[in-house]
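Working notes for the structure below.
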Number of protein chains: 2
Amino acid sequence: MALMPHQPNDLMIRKLDSIFPLSDEERGALQQLPILLKGIKADREIVGIGERPAQSCLILEGFTCAYKLSHLGKRQIMALHVPGDMPDLQSLHLAVMDMSIASISSCTVGFIQHEDLRRLCEQHPRLTAAFWRETLVDASIYREWLLNVGQRSAYTRMAHLVCEILIRLKAVGLVEKWSFQWPITQEKLADALGITAVHVSRTLQALRADGLIRMEKTQVSVPDWERLKEAGEFDPLYLHLQVRKGA
Amino acid sequence: MALMPHQPNDLMIRKLDSIFPLSDEERGALQQLPILLKGIKADREIVGIGERPAQSCLILEGFTCAYKLSHLGKRQIMALHVPGDMPDLQSLHLAVMDMSIASISSCTVGFIQHEDLRRLCEQHPRLTAAFWRETLVDASIYREWLLNVGQRSAYTRMAHLVCEILIRLKAVGLVEKWSFQWPITQEKLADALGITAVHVSRTLQALRADGLIRMEKTQVSVPDWERLKEAGEFDPLYLHLQVRKGA
DNA sequence: CGGACCGTTGAGGTGAGTCAAAGATAGTGG
DNA sequence: CCACTATCTTTGACTCACCTCAACGGTCCG
């Protein structure tokens with residue numbers, strides 16, 4: 001259990017509301033949702049492949065990832081999660097986990113019982129749509145990663161990933177002046193991009209040499225967003241961030 | 001417009017029912033759903049990236065794919081669709097298409113208005129769950145493809161893809177004696193696996209030489225399922241086919 | 001019978017992998 | 001506070017799975 005800077009429910013409400021405007025009543029119902037907080041150290045499995053969870057989780061602080069292993073033991077990270085994300089919302093309707101979720105950094109995670117989510121969805125059909133939409137955005141991100149891993153060079157892939165994380169962190173207010181905390185090792189970047197850790201090292205050096213990113217410890221900053229975007233062939237369409245027309 | 005061997009609604013109902021048992025009332029409601037049939041030639045775009053469709057489609061005969069292009073014009077196919085699939089159900093909640101859908105072979109496609117789907121979901125909340133679940137299985141397949149493209153050799157990837165298509169076709173009764181129609185060119189296989197068409201040719205030769213697949217024209221057959229499964233590191237868990245316990 | 005695809009083959013090239021060792025950094029405990 | 005360790009990053013030399021380019025053969029269909 002950990003102390004939180006603000007109520008965990010608020011983060012979820014703000015995120016759902018930002019892309020799917022909610023009524024006061026719906027916000028109130030979400031506010032009532034029981035969320036069990038838990039502090040988790042880095043590199044711990046949170047849900048494992050093959051399990052049948054009775055709850056879904058909500059990332060509050062830190063980073064997590066979804067991954068699978070090949071028979072040779074090589075790991076593919078299929079998604080990175082930032083605060084506000086619900087990595088295994090899918091388990092609400094897919095009984096058995098087909099991937100594992102693990103912490104990347106130390107983090108705070110909230111757990112919500114499926115039972116409670118189901119009741120909420122029954123009573124507020126528009127919330128069903130909001131949660132459904134969240135899982136659809138996840139799917140869209142998987143698609144973009146497929147394009148990334150299948151067709152782009154290591155250099156472009158890396159630039160693309162940095163762009164994505166920047167934008168997603170910006171959406172939850174965790175970016176200041178094009179700079180953000182990102183405690184991720186090169187080995188994990190390698191697993192996310194489908195290259196080796198050695199090649200991640202060389203690729204990051206190239207990006208730094210080209211002035212596209214700057215790194216100090218776990219802090220990443222982007223000196224020239226336009227050039228990084230271009231290098232990463234990044235178009236934020238697939239994140240489906242703005243639904244409100246004209247927003 | 002094309003003649004169909006049976007009502008298009010039946011195919012959808014059978015598929016939803018197989019993993020998410022429906023009541024008679026729900027089946028009746030689905031039966032009423034207006035579906036507009038259309039025959040489509042091979043290699044035609046059905047929905048384009050950036051569009052805002054007011055309908056979703058249902059594949060009835062033939063094959064389609066979802067794809068995106070990199071800036072260099074390289075194409076990544078992110079999913080293959082077989083009869084019974086609804087490739088752009090996501091557009092019900094994500095206004096703008098983030099990928100394109102195109103026919104791979106000549107095919108018959110049914111179109112369902114979002115308006116009608118929304119009304120159906122409002123009146124039958126359990127159908128909402130059934131459709132939601134369909135999109136979650138799509139997402140699970142994207143994840144498996146990420147593992148495939150990111151971590152496995154061309155040989156393993158190809159074997160895995162053949163396994164997946166076989167199982168999915170089997171589920172809709174389109175496989176007979178480990179053999180099925182699969183009118184797909186090597187160039188499209190290349191785009192789906194993230195390798196070149198030349199390498200697809202060599203990889204298929206290797207699989208044939210090893211006795212894992214046999215091919216005549218557009219017919220593929222699998223002489224030894226167990227060995228192909230092993231070669232492709234294939235575990236059907238991610239397709240989430242059996243929900244009914246003990247089925 | 002002729003063109004348009006599609007699949008095959010060969011030779012040579014390259015982006016990324018592998019292996020191994022050395023440097024940097026961070027965490028731990030005395 | 002420092003010594004000790006474990007982990008992470010960097011570097012260099014070598015290898016290889018897959019790519020590129022180019023030519024050729026098959027097959028379908030008007």
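Predicted model, so just to flag it, every value in this text is computed and none were measured. First the proteins, then the strands, lettered A, B, ... as listed; each starts at 1.
B/R227 CZ: more than 12 foreign heavy atoms inside a 6.0 Å radius.
Applying the salt bridge (charged side-chain N to carboxylate O under 4.0 Å, His left out) definition to pairs two or more places apart or across chains, none involves residues 198-207 of chain A.
Salt-bridge check for B/E164 with B/R157: failed, with every basic side-chain N at 4.0 Å or more from each acidic carboxylate O. For the pair A/D138 and B/R143, the salt-bridge criterion is not met [side-chain N within less than 4.0 Å of a carboxylate O].
The CD1-P distance, from B/I184 to C/dC6, rounds to 12 Å in whole Å. Rounding to whole angstrom units, CD of residue A/Q151 and P of C/dA16 are separated by 13 Å. Counting to the nearest Å, the C1' atom of D/dT9 and the CD atom of A/E216 are 16 Å from each other.
Within residues 185-192 of chain B, the residues having any heavy atom closer than 4.0 Å to DNA chain C are, in order of number, B/T185, B/Q186. Only B/Q205, B/R208, listed by number, bring a heavy atom of residues 204-213 of chain B to less than 4.0 angstrom from any atom of DNA chain C.
Annotation: salt bridge (Lys or Arg N to Asp or Glu O under 4.0 Å) contacts of A/D235 (sequence neighbours excluded): none. With sequence neighbours left out, A/A79 forms a side-chain contact (heavy atoms from CB on, under 4.5 Å) with A/A66, A/H81, A/Y142. A search for salt bridge (Lys or Arg N to Asp or Glu O under 4.0 Å) contacts involving B/K15 returns B/D85, B/E134, not counting sequence neighbours. Listed by chain and number, the residues in a side-chain contact (heavy atoms from CB on, under 4.5 Å) with B/V96 are A/L237, B/R52 (sequence neighbours excluded). For B/Q186, the side-chain contact (heavy atoms from CB on, under 4.5 Å) test picks out B/V200, B/S201, B/L204, with sequence neighbours left out. Residues meeting the salt bridge (Lys or Arg N to Asp or Glu O under 4.0 Å) test with A/D210, sequence neighbours left out: none. Taking the side chain to side chain donor-acceptor pair (under 3.5 Å) definition, one finds that B/S140 meets it with A/D98, sequence neighbours left out.
Helix-axis bend for the helix from C/dC1-D/dG30 to C/dG30-D/dC1: the local axis fitted to the five terminal pairs at one end deviates from that at the other end by 50°, rounded to 10°.
Looking only at side-chain heavy atoms (C-beta outward), A/K68 and A/Q76 stay at 4.5 Å or farther from each other.
Here the side chain of B/Q151 pairs a donor or acceptor atom with the backbone of A/R75 at under 3.5 angstrom.
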Readout for nucleotides 14-30 of chain D: B = base within 4.0 Å of protein heavy atom, S = sugar-phosphate only, - = neither; 5' to 3' it is ----SSBB------S--
